[in-house]
Novice: 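My questions will all concern the structure given below.
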Amino acid sequence: LVVLRHRRLALDWRVVGAIGLVCWLALDLPWQYKLLRQLGETRQQFAGKSDAQKLAEGPDAAIYRAVAEALTKIPEDQARVFVASSDSYIGLRSAYYFYPHNVFRKFHGRELPYDQYLRPGDYIFVAYPSSLEIYPESGTLIMKRNRYYIDVLTDGESGALLRLRAI
């Protein structure tokens, strides 16, 4: 544009605008095509299903099913649920599906809070992978050097629900 300006040629801004529009369309059309294709696939997979059915078939299906099974074993609404996982995403998604229960998920460091914050009757949902060691036959949960006495309520491939008996 600077060269054209110094040569005193007439510059038609409509030509520049048309070139810009054509370039934008050339870059945008593949993205629009992928978006429409994804919309069709999503509609085919989820159309006409309830929210629970969508969650049970979505990308977090294994996490949702493990939490749904665990929720059937938690009788009271005011129960405290501690979510333990060494994977941040899985731990946070598990905690999300436990709402509106009183849920605690530690972000960094220990998977469970310190002993003074735990009490008998609390529920611990261990979302796999986890560094916690569960021994159902002896009813113990071991985290590093700490031993907890637990009842195993559910145990699946995605997670286990435990009730704390004693610390």
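Keep in mind that this is a model prediction, so the values were computed, not measured.
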Novice: Tell me, please, which residues at least two apart from Y128 pass ring pair (Phe, Tyr, Trp, His ring centres under 6.0 Å).
Specialist: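 Applying ring pair (Phe, Tyr, Trp, His ring centres under 6.0 Å) to Y128 gives none.
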
Novice: Just jot down the ring pair (Phe, Tyr, Trp, His ring centres under 6.0 Å) partners of Y123, sequence neighbours excluded, or say none.
Specialist: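 Testing Y123 for ring pair (Phe, Tyr, Trp, His ring centres under 6.0 Å), a comparison that skips the adjacent residues, returns none.
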
Novice: Ignoring hydrogens and angles, tell me if any N or O in the side chain of T42 forms a donor-acceptor pair with the backbone of L39 under 3.5 Å.
Specialist: no

Novice: Would you call R110 and N146 a side-chain contact if the rule is heavy atoms closer than 4.5 Å?
Specialist: yes

Novice: Given side chains that start at C-beta, do those of F98 and I74 come closer than 4.5 Å, heavy atoms only?
Specialist: yes

Novice: How about I90 and P129: do any of their side-chain heavy atoms sit closer than 4.5 Å?
Specialist: yes

Novice: State plainly whether the residues R37 and E41 are in salt-bridge range, i.e. N to O under 4.0 Å.
Specialist: yes

Novice: Taking atom OH of Y96 as the centre, report whether more than 12 heavy atoms of other residues, nucleotides or ligands fall under 6.0 Å from it.
Specialist: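 No, because the 6.0 Å sphere around OH of Y96 holds 12 heavy atoms or fewer from other groups.
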
Novice: Return the set of residues passing side-chain hydrogen bond (donor to acceptor under 3.5 Å, both in side chains) with D115 (not counting sequence neighbours), or none when no residue passes.
Specialist: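 Only Y148 meet the side-chain hydrogen bond (donor to acceptor under 3.5 Å, both in side chains) criterion with D115.
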
Novice: If you take all heavy atoms of A127 and S85, which pair is closest and at what distance?
Specialist: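 Heavy-atom minimum between the residues: O-OG, 3.0 Å.
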
Novice: Identify whether Y99 and L55 are in the same connected component of the hydrophobic contact network (ILVMFWY, side-chain heavy atoms under 4.5 Å).
Specialist: yes

Novice: Nearest 0.5 Å, please: how far is CG in L112 from CZ in F104?
Specialist: 8.5 Å

Novice: Does a side-chain heavy-atom distance below 4.5 Å link D155 with I134?
Specialist: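 Not touching, per the 4.5 Å side-chain cut-off.
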
Novice: Does the side chain of L161 come within less than 4.5 Å of E69's, by heavy atoms?
Specialist: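 No, side chains not in contact.
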
Novice: Quick check on Q44: does its CD atom have over 12 non-hydrogen neighbours (other residues, nucleotides or ligands) under 6.0 Å away?
Specialist: no

Novice: Holding to side-chain hydrogen bond (donor to acceptor under 3.5 Å, both in side chains), I want the full list of residues that pass it with D122, two or more places apart in sequence or in another chain.
Specialist: R80

Novice: Please list, chain by chain and in numerical order, all residues satisfying side chain to side chain contact (heavy atoms under 4.5 Å, CB included) with Y135, sequence neighbours excluded.
Specialist: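 Partners of Y135 under the side chain to side chain contact (heavy atoms under 4.5 Å, CB included) test: E133, E137, S138, T140, I142.
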
Novice: Checking side-chain contact (heavy atoms from CB on, under 4.5 Å) against R163, which of L153, I150, I124 comes through?
Specialist: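 The residue from L153, I150, I124 that satisfies side-chain contact (heavy atoms from CB on, under 4.5 Å) with R163 turns out to be L153.
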
Novice: Is there side-chain contact between V67 and S94, with heavy atoms separated by less than 4.5 Å?
Specialist: yes

Novice: Show every ring-ring contact (aromatic ring centres under 6.0 Å, His included) that has at least one partner inside residues 19-59, sequence neighbours left out.
Specialist: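 For residues 19-59, and leaving out neighbouring residues, there are no ring-ring contact (aromatic ring centres under 6.0 Å, His included) pairs at all.
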
Novice: Between F107 and L92, is there a side-chain heavy-atom distance shorter than 4.5 Å?
Specialist: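 The answer is yes, as the side chains (C-beta and beyond) meet within the 4.5 Å cut-off.
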
Novice: With a sphere of 6.0 Å drawn around NZ of K73, does it hold more than 12 non-hydrogen atoms of other residues, nucleotides or ligands?
Specialist: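 Atom NZ in K73 is not crowded, with 12 or fewer foreign heavy atoms closer than 6.0 Å.
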
Novice: On a heavy-atom basis, which atom in D87 and which in R105 lie closest, and how many Å separate them?
Specialist: O-NH2, 3.6 Å

Novice: Counting neighbours of CD on Q116 that are heavy atoms of other residues, nucleotides or ligands and sit closer than 6.0 Å, is the number greater than 12?
Specialist: yes

Novice: Taking atom CZ of R165 as the centre, does the number of heavy atoms from other residues, nucleotides or ligands within less than 6.0 Å exceed 12?
Specialist: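 For R165, atom CZ is crowded (more than 12 foreign heavy atoms under 6.0 Å).
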
Novice: Should Y89 and D60 count as side-chain neighbours, where that means a heavy-atom distance under 4.5 Å?
Specialist: yes

